[in-house]
A.B. asks: 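Let me begin by handing over the structure; questions about it come next.
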Amino acid sequence: MPNATALSFQNYIAGQNVAPAAGRSFVSTNPTTGKPYGTFAESGLADVDCAVRAAVEAGNGPWGKLSPTRRGRLMMAWGDKIAVNAEGIARMESEQNGKLVAEMRAQATVVKEWLYYFGGLADKIEGRVIPVERQSVLNYTLREPLGVVAVIVPWNSPTFLTIMSVAPALAAGNTIVIKPSEITSASAFELVRLAEEAGIPPGVLNVVTGGREAGEALVGHEQVAKISFTGSEGAGRAIAAQAGGRLASCTLELGGKSPNIVFGDATVENAVVGILSGIFAAAGQTCIAGSRAYVHSSIYEEVADRLAQRARAIKLGDPLLAETQMGPVATQAQLAKDEAMVQRALFEGAELLTGGNRVSVPGLEGGYFFQPTILHNVKSENYIMQEEVFGPVLSLTRFNDDDEVLALANGTRFGLAAGLWTRDIRRAHQMAKRLQAGTVWINTYRALAFNSPFGGYKNSGLGRVNGIESLDQFLQTKSVWCEMSEEIQDPFVIKV
Ligand code: NAD
């Protein structure tokens, strides 16, 4: 049993706090101070089984019996409650992942839009009448929920990413077991408490905490129909393999190595701001971090200078303070990874433009701070150009023509997002079409909306969140055939 901390959480199942069956727990750390944040249940098979059963029961019971319109209204009411409580949720998350409280607040406020949108779609899920050849038959489709959905989330945007999966899953009529990241487990409890306050029945949303073991128990549970996973490529592979073993379906939102491409005709100031916010917002800890930048030779020196000057001026500090521009990275392991990847890049021939080291912030000496870092003249074959850092490290390189930069931009196994900076409208749309990425931003970066599909090409994922099509991933279609004629049909003759 680890040292107890002031904040202590059990699992939350069917509207009750439930102690972990084996009595195990773990302690999470505040990365700004290096001190413990809270104690959480280390869940195993028995805990997961208990949560899944509660979700099955809620699906067969009150949630399954509710009309889609009522279901949607409850989701909207939940959104309002989350927005009202956004400040508390934001502080909780910032104290666990070190991201700016302002960003966490914005996320906890905006998720209501997801619950309004998908809540509004709940009573627009319609089957179809199919005009089959046999005229005496009525054939129609029913769109039905899958059952229990496991929502497994990472630490970098806990509420935002939880709601991105939960909103379409609930709208489709499923019930949920959430397994938050072991780094940021606290806010999920607050979300579920608020859901019940809004009138969503207990058992529709359940929370089990823990690490990989708890996640695997959930993915392997025979009554979990679907896994909606957001996290790393490696865990995504393991989850897809495990789920595939029992033919459960998965939506996977995975990592990226997203490029920003700055053409010679770009508005340089806008491109510089876009690149900086794309990589240094959240200390590079976003799936859509623009961690590679390709800049046309004609403006390379100017762009590199401006980026370096601005990066050096970024104010590191306590993410709870309004004046802080970049907080710590979330874990000691991430800090070590940032450092190791920069060292390896330098060894492989990249040059350091700025940053590159851990840094001690006065008053927060135990915190996990890393300098905003820019490497330049980085080659496509360098490890850092192919692998996600998930830290504040930008790799910069030059290019001369469109085909060359397209090959470079598409030259990784990831395909989450890409940014283009140009005033040439033809070039912009031609490149957008040829880029292998689930999202392409032209003269902007990091824009997302509840009604615009988001997801990865290649190894950045399977399926989409956001937008109407994401509902399909939480539904199954039944085809119903009804013979309307009294005339006896010969069952051994296929009639077309
Ligand atoms: P991670 O993959 O280590 O963990 C994510 C979650 O999966 C955690 O809850 C973890 O406990 C659980 N988990 C890990 N292995 C598992 C397994 N085998 N079975 C079941 N559950 C398992 O990721 P992380 O470090 O928390 O998050 C960072 C990663 O998430 C980055 O790669 C980032 O790009 C990615 N991410 C993707 C998106 C997106 O929308 N595409 C959004 C945010 C983050």
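All heavy atoms count here, side chains included; hydrogens, waters and symmetry mates do not. Residue numbers start at 1 and run along the sequence shown.
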A.B. asks: Which residue pairs pass the salt bridge (charged side-chain N to carboxylate O under 4.0 Å, His left out) test when at least one of the two sits in residues 208-220, sequence neighbours left out?
C.D. replies: R24-E213, R212-E216
A.B. asks: Main chain of V132, side chain of N139: is a donor-acceptor contact present, judged purely on distance under 3.5 Å?
C.D. replies: no
A.B. asks: Please list all pairs passing the ring-ring contact (aromatic ring centres under 6.0 Å, His included) test where one or both residues lie in residues 82-115, with sequence neighbours left out.
C.D. replies: W114-F160, W114-F450
A.B. asks: Does Q10 use its side chain to pair, donor to acceptor, with the backbone of P20 at less than 3.5 Å?
C.D. replies: no
A.B. asks: How about Q242: does its CD atom have over 12 heavy atoms from other parts shown lying under 6.0 Å from it?
C.D. replies: yes
A.B. asks: Could you give all pairs that pass the salt bridge (charged side-chain N to carboxylate O under 4.0 Å, His left out) test and reach residues 231-243, with sequence neighbours left out?
C.D. replies: E233-R237, E233-R413
A.B. asks: Looking at E222, I'd like to know if its CD atom is crowded, meaning that more than 12 non-hydrogen atoms belonging to other residues, nucleotides or ligands lie closer than 6.0 Å.
C.D. replies: no
A.B. asks: Excluding sequence neighbours, so at least two apart, what forms side-chain hydrogen bond (donor to acceptor under 3.5 Å, both in side chains) with R53?
C.D. replies: D49
A.B. asks: For A243, what residues pass the side chain to side chain contact (heavy atoms under 4.5 Å, CB included) criterion, not counting sequence neighbours?
C.D. replies: V219, I227, A248, C250
A.B. asks: For Y445, which residues count as a ring-ring contact (aromatic ring centres under 6.0 Å, His included) partner, sequence neighbours excluded?
C.D. replies: W441
A.B. asks: Output every pair passing salt bridge (charged side-chain N to carboxylate O under 4.0 Å, His left out) with a member in residues 149-167, not counting sequence neighbours, ordered by first then second residue.
C.D. replies: none
A.B. asks: Provide the full list of ring-ring contact (aromatic ring centres under 6.0 Å, His included) pairs with a residue in residues 123-148, sequence neighbours left out, each pair given once.
C.D. replies: none
A.B. asks: Is it possible for you to check whether K226 lies under 6.0 Å from the centre of the six-membered ring of F474, through NZ or CZ, and within 45° of that ring's axis?
C.D. replies: yes
A.B. asks: Please collect all side-chain hydrogen bond (donor to acceptor under 3.5 Å, both in side chains) contacts where either partner lies in residues 144-167, sequence neighbours excluded, each pair once.
C.D. replies: E93-T159, K99-S157, Q107-S157, E144-K478, S165-S228
A.B. asks: Taking side-chain hydrogen bond (donor to acceptor under 3.5 Å, both in side chains) as the definition, give me every residue that meets it alongside T422, ordered by chain and number, with sequence neighbours left out.
C.D. replies: D265
A.B. asks: Could you tell me which non-hydrogen atom of A21 sits nearest to which non-hydrogen atom of D47, and how far apart they are?
C.D. replies: N-OD1, 2.6 Å
A.B. asks: Is there a side-chain contact between P31 and T331, using heavy atoms and a 4.5 Å cut-off?
C.D. replies: no
A.B. asks: Are the side chain of E404 and the backbone N or O of D401 linked by a donor-acceptor pair below 3.5 Å?
C.D. replies: yes
A.B. asks: Counting N and O atoms only, with roles assigned by atom type, does the side chain of E483 sit under 3.5 Å from a partner on the main chain of S485, one being a donor and the other an acceptor?
C.D. replies: yes
A.B. asks: I'd like to know whether the aromatic ring centres of F189 and Y12 sit less than 6.0 Å apart in this structure.
C.D. replies: no
A.B. asks: I need the full list of salt bridge (charged side-chain N to carboxylate O under 4.0 Å, His left out) pairs touching residues 439-460, with sequence neighbours left out, sorted by first then second residue.
C.D. replies: E103-R446
A.B. asks: Within a 6.0 Å radius of atom CZ on R128, are there more than 12 heavy atoms belonging to other residues, nucleotides or ligands?
C.D. replies: no
A.B. asks: Restricting to side-chain hydrogen bond (donor to acceptor under 3.5 Å, both in side chains), what partner residues turn up for N451, sequence neighbours left out?
C.D. replies: none
A.B. asks: In sequence, state the C-alpha distance, the side-chain angles, and the governing distance for S25 and E42, and then conclude on side-chain hydrogen bond (donor to acceptor under 3.5 Å, both in side chains).
C.D. replies: CA-CA 4 Å; S25 61; E42 183 74 69; over 6 Å; no
A.B. asks: I want to check something: taking the side chain as every heavy atom from C-beta on, are L7 and F40 in contact at a cut-off of under 4.5 Å?
C.D. replies: no
A.B. asks: Enter the distance from E486:CD to S136:OG here, rounded to the nearest 0.5 Å.
C.D. replies: 11.0 Å
A.B. asks: State whether the side chain of N459 and the backbone N or O of G415 hold a donor-acceptor pair below 3.5 Å, judged by distance alone.
C.D. replies: no
A.B. asks: Do any N or O atoms from the side chain of K124 and from the backbone of G120 form a donor-acceptor pair under 3.5 angstrom?
C.D. replies: yes
A.B. asks: Do any N or O atoms from the side chain of S460 and from the backbone of G255 form a donor-acceptor pair under 3.5 angstrom?
C.D. replies: yes
A.B. asks: Hey, are the side chains of E182 and F26 touching, using non-hydrogen atoms and a 4.5 Å cut-off?
C.D. replies: yes
